[in-house]
Amino acid sequence: MSSEILGIDLGTTNTVAAVFREGEAVYISNALGHKLTPSVVALDPEKKQLFVGRGAKEILSMKPDNAAAAFKRDMGEDRSYKLGSRKLGPIELSAHILDSVREDAERELGVTIDRCVVTVPAYFGEAQRQATHKAATLAGMTVERILNEPTAAAIAYGLQKRDEESQFLIFDLGGGTFDVCVMELFEGLLEVKGVAGESRLGGEDFTQALVELGLRIAEIEVSTARTFASDYAILSRRAELLKRQLTSWKEGQLRVPAFGSDKREQTLTIERAQADQAFAPLLDRMKQACRVALRGAGVKIDSLDEIVLVGGASRMPCVRDFVQSYFGKPPMVELDPDLIVAKGAAIQAALCKDQGGGDLDIVVTDIISHSLGLEASKEIAGRHVNGFFSPVIHRNTTVPVTRTSTFSTIERNQTEMNLNVYEGEHRRVSENHLVGALTVKGIPKGPAGQNILVRFTFDLDGLLEVEATIAETGKTFATVLHRSGKSVDNKAVATFQKRLAKLKQDRAEEPRNKDLLFRAQALWSEVDEGERSYLDECIEAFEIALAQGESATITSRFEELARLCESLDGGERW
Ligand code: AMP
């Protein structure tokens, strides 16, 4: 087993990995030299190989049917994505991303990586955490800790080192998820007091608001626009660029494709104030989540000592203005909001391997974001009705925690009892999520009402141990839900790894070159005739250099084409 533990922020939009060495975070660069790897998986239809990252993102815009993105939103759900003729679920897709950052880390650090700390939104329930855990296992890593993203952010800012009691709010607006988390530092203990958020609200919604604003001004119906998939993808890309421009500038341009009409492409000038109006409903949703988190934590706005901004989309001026005015104080923005969580994960990873302790000696606790309990029956008008949820550990309880409840048999001579474990907040189990089950056998025959003592132990990694003891005989049954060998066995990992090796891109093919060609091709479909011919020339020159295999020429042609792509893409760094 390697001594290095990788800290991974598996994001909806991007994934970042880091290790903690000599007191600082060392971020892992991918083959393109970027710290952020887009969480996108795509299939190269010609070679039937899978791609991850920037190249996959390019395929997504050109051939959306061959790519999958934002699958973090579906973690824990029984959904599958079609990539060409293949079907992949969110766990497998995430495993591909994790496998790719693991390989990048091995290349960069020159060691084998087989352990990791992975972060998840605080709002993630048990099923989503289990799914994340499984993805990392499939990618060949043992998960040392599933860490809440806001906890990671607080650790990255070193908030746990403060001397006095403090209260913080972590405001995390990523690409596709929004998390607010109220934390308290008390006697050296960093504790999560309240969480709220939306698993479907993030930077992408702001981009979408700009797409819709552009279409409204250009007088094109959204439903009509959606039928032109390629034009729609181009507009979304441009809206994303505009959104980023509006972070630095007061206005920017948006070119709206023709969408099949006889009108030509329209170039719109969008002012920041205009965009902010379109964003207003999204900010309202954020305000609502902040209220819920504060209420859940029982903390007043005035008692917050710090507000920490996390997530790429928290750079937007409208978001910063909102935070400043709602909380009445400037937020902490010193660390790069895209990298904070990975930094925290790397610090936690260092703690796991007990390296660099001293200064980092912190205790972190979390709270459970969804209640966990058992299905129970109720006596209604003399009849037993099944399907009711009986929580054992309630939402917002600090973990690690152990709670015990007593359940009883309902029939005479009942010798078996099925304990179905659910997670959720609904009184009917049908509306909650089934986490797993445990069967208790050998209950002594006798009248109804035999007691079974059920103990739930929930640890910091989101691991739930369920233990049931027959009161009369003391016989105990137990199961661990989440990371039990049963959910991810070695055979499953081996099969996945074999499939992965067959599917994934031949690394010798230099993804960097291939990605640039994908990128150039995507731009080619967007730019005007005049720009196309020069782009054509550069692509051709690069392809010839690649075919000839002379490394100095490849490098200079690469740089030429990369520079051109950068300038055509409005200065977006390649
Ligand atoms: P994350 O999931 O934390 O990687 O967040 C990515 C989100 O941040 C995407 O929706 C990006 O569009 C957004 N983002 C990144 N940089 C900027 C920027 N300069 N201005 C506005 N949004 C940004």
Side-chain angles (χ1 to χ4, degrees), residues 7-18 27-28 30 34-40 52-54 56-57 60-61 69-73 75 94 97 101 118-124 132 148-150 152-153 156 170-181 197-211 235-252 254 270 272 275-276 278-279 282-283 286 308-323 333 335-345 569-573:
I8 308 173
D9 168 12
L10 178 61
T12 312
T13 331
N14 293 301
T15 294
V16 185
Y27 295 99
I28 305 300
N30 59 24
H34 299 167
K35 291 174 187 148
L36 270 62
T37 296
S39 306
V40 184
V52 159
R54 184 73 193 236
K57 199 171 160 188
L60 180 71
S61 65
F71 35 84
K72 178 173 171 179
R73 287 179 164 173
M75 281 305 253
S94 303
I97 304 286
V101 293
V118 191
T119 59
V120 294
Y123 213 60
F124 259 22
T132 307
N148 278 339
E149 288 163 10
I170 317 290
F171 185 101
D172 182 353
L173 186 62
T177 49
F178 174 54
D179 278 309
V180 202
C181 177
E198 284 196 39
S199 55
R200 286 173 195 268
L201 174 62
E204 285 154 20
D205 298 284
F206 287 76
T207 305
Q208 182 58 27
L210 287 180
V211 166
L235 180 61
S236 300
R237 243 174 106 99
R238 291 176 181 166
E240 171 69 27
L241 272 181
L242 171 68
K243 181 180 78 176
R244 290 173 188 242
Q245 281 169 1
L246 290 175
T247 293
S248 322
W249 302 328
K250 292 264 185 216
E251 62 172 43
L254 183 63
I270 309 271
R272 191 192 278 169
D276 285 353
F279 298 152
L282 300 172
L283 294 169
M286 286 179 207
V308 175
L309 291 193
V310 184
S314 72
R315 291 192 179 93
M316 280 186 290
C318 64
V319 173
R320 294 197 171 182
D321 290 349
F322 159 71
V323 170
V333 293
L335 294 177
D336 183 331
D338 279 318
L339 306 179
I340 298 174
V341 172
K343 178 176 177 177
D569 215 358
E572 196 192 353
R573 196 172 70 84

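Start at 1 and go down the list; that is how both ligands and their atoms are numbered. Starting from 1, each residue takes its place in the sequence as its number.
Considering each of Asp336, Leu339, Thr247, the one bringing a non-hydrogen atom nearest atom 20 (N) of ligand 1 is Thr247.
When all heavy atoms of Asn14 and Ser39 are compared, the pair lying nearest together is C-OG, 3.3 Å. Between Glu149 and Leu10, the closest heavy-atom pair is OE2-O, 4.5 Å. Closest approach of Ala275 to Leu246, counting heavy atoms only: CB-CD1, 3.7 Å. The nearest pair of heavy atoms linking Ala313 to Val319 is O-CG2, 3.9 Å. Nearest heavy-atom pair, Tyr27 versus Lys343, reported as atom, atom and distance to 0.1 Å: OH-CB, 3.4 Å. Val40 and Ala56 make their closest contact through O-CB, 3.4 Å (heavy atoms, listed as atom of the first residue, atom of the second, distance).
Within ligand 1, the atoms closer than 4.0 Å to a non-hydrogen atom of Glu204 are 10 (O), numbered from 1 in the order shown. Atoms of ligand 1 lying under 4.0 Å from any heavy atom of Gly174, numbered from 1 in the order shown and given with element: 1 (P), 2 (O), 3 (O), 5 (O). When each atom of ligand 1 is checked for a heavy atom of Gly203 under 4.0 Å away, the hits are 10 (O). Applying the 4.0 Å criterion to heavy atoms of Met316 picks out, from ligand 1, the atoms 21 (C). The distance from ligand 1 to the heavy atoms of Gly311 drops below 4.0 Å at these ligand atoms: 3 (O).
Looking at ligand 1, you'll find an N or O of Arg315 within less than 3.5 Å of one of its N or O atoms. Close N/O approach between Leu36 and ligand 1 is not found [any backbone or side-chain N/O within under 3.5 Å]. In terms of N/O distances under 3.5 Å, ligand 1 is approached by Gly312. At least one N/O-N/O distance between Gly175 and ligand 1 falls below 3.5 Å. Among the atoms of Thr12, none of the N or O lies under 3.5 angstrom from an N or O of ligand 1.
Residue contacts with ligand 1, taken as heavy atom pairs separated by less than 4.0 Å, involve Asp338 solely via side-chain atoms from C-beta onward.
The aromatic rings of Phe171 and Phe322 lie tilted to each other, with the angle between the two planes from 30° to 60°.
Formation of a donor-acceptor pair under 3.5 Å by the Asp9 side chain with backbone atoms of Val16 is not found in this model. At distances below 3.5 Å, not a single donor-acceptor pair connects side-chain atoms of Arg238 with backbone N or O atoms of Leu254.
No donor-acceptor contact under 3.5 angstrom links the side chains of Thr37 and Thr15, judged on distance only.
Looking only at heavy atoms of the protein, atom 22 (N) of ligand 1 is closest to Lys243 CE, 3.6 Å. Ranking protein heavy atoms by distance to atom 12 (O) of ligand 1, first place goes to Glu240 OE2, 2.4 Å. In this structure, atom 4 (O) of ligand 1 lies nearest to the protein heavy atom Asn14 ND2, 3.2 Å.
Between Gly11 and ligand 1 there is no heavy-atom distance shorter than 4.0 Å.
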